[in-house]
Amino acid sequence: QVQLVESGGGLVQAGGSLKLSCAASGAILSINVMGWYRQAPGRQRELVASVTTGGRTNYADSAKGRFTISRDNAKNTVYLQMNTLSPEDTGVYYCNAHRELINIVVGGNYWGQGTQVTVSS
């Protein structure tokens, strides 16, 4: 099993920045992708950004140019630096870890408890 612990959420005004952290522990060799998903009330959970163990990144269109996902392999931690935040970025951000092969999830689909990000106008 893999445990994911998120931190860094909070309340910011539009134009501000936040940095989210997700620390993984447990059977970390069973996963090769970590990422961040956002869920707003009444909406489906959607991918914000992800990164593979090989360093390949993927971003939602709304995140490109503003958000940066990065890894610290020594700490088994993934970060999401969010700049120029807007109210549309508001939601619960969930850390995810899984094993993926050619864009297909094949196992180890783990979720953190979520951290609230609220952007006021």
Side-chain angles (χ1 to χ4, degrees):
Q1 299 294 312
V2 174
Q3 294 79 45
L4 304 173
V5 179
E6 304 125 323
S7 62
L11 173 64
V12 298
Q13 288 190 307
S17 299
L18 285 173
K19 187 175 183 178
L20 307 182
S21 300
C22 175
S25 61
I28 57 176
L29 293 178
S30 66
I31 61 175
N32 64 354
V33 181
M34 294 184 66
W36 292 94
Y37 289 72
R38 177 176 61 226
Q39 186 166 24
R43 300 179 183 176
Q44 292 186 326
R45 193 173 300 182
E46 61 181 354
L47 174 70
V48 177
S50 65
V51 60
T52 71
T53 55
R56 178 181 292 184
T57 58
N58 187 35
Y59 293 93
D61 288 341
S62 62
K64 293 178 180 177
R66 299 187 299 126
F67 295 1
T68 302
I69 190 168
S70 60
R71 303 175 302 158
D72 186 334
N73 291 330
K75 297 181 179 179
N76 297 316
T77 299
V78 64
Y79 304 93
L80 184 67
Q81 178 67 51
M82 304 186 294
N83 298 323
T84 319
L85 286 162
S86 70
E88 288 73 28
D89 297 315
T90 294
V92 179
Y93 284 69
Y94 294 91
C95 184
N96 172 265
H98 62 267
R99 186 164 184 82
E100 184 178 291
L101 180 64
I102 316 178
N103 298 324
I104 300 174
V105 178
V106 297
N109 197 26
Y110 303 98
W111 296 93
Q113 66 181 32
T115 183
Q116 178 71 44
V117 172
T118 303
V119 184
S120 64
S121 60

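A heavy-atom distance below 4.5 Å is not found between the side chains of Ser62 and Glu88. Two residues are said to be in side-chain contact when any heavy atoms from C-beta on lie closer than 4.5 Å; Gln81 and Ser17 meet this criterion. For the pair Arg56 and Val33, the minimum side-chain heavy-atom distance is 4.5 Å or more. Using a 4.5 Å heavy-atom cutoff, the side chains of Glu6 and Leu20 are not in contact. Inter-residue side-chain proximity for Tyr94 and Gln39 is flagged as met; some heavy-atom pair is nearer than 4.5 Å. Looking only at side-chain heavy atoms (C-beta outward), Val92 and Gln116 come within less than 4.5 Å of each other. In this structure, Phe67 and Leu85 have side chains that are in contact, with non-hydrogen atoms separated by less than 4.5 Å.
Thr90 places a side-chain N or O within 3.5 Å of a backbone atom of Val119 that can act as its donor or acceptor partner. For Asn32 (side chain) and Glu100 (main-chain N/O), a donor-acceptor pair under 3.5 Å exists by modelled atom type. Proximity of a side-chain donor or acceptor of Thr115 to a complementary backbone N or O of Gly9 within less than 3.5 Å is detected. Without hydrogens or angle criteria, Asn58 side chain to Val51 main chain gives no donor-acceptor distance under 3.5 Å.
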Val117 vs Arg38, side-chain contact (heavy atoms from CB on, under 4.5 Å): CA-CA, chis, key distance, verdict: CA-CA 9 Å; Val117 172; Arg38 177 176 61 226; over 6 Å; no
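Val5 and Trp36 end up in different hydrophobic clusters when Ile, Leu, Val, Met, Phe, Trp and Tyr side chains are linked at under 4.5 Å. Residues Leu4 and Tyr37 do not share a hydrophobic cluster, defined by chaining ILVMFWY side chains whose heavy atoms lie under 4.5 Å apart. Val48 and Val12 end up in the same hydrophobic cluster when Ile, Leu, Val, Met, Phe, Trp and Tyr side chains are linked at under 4.5 Å.
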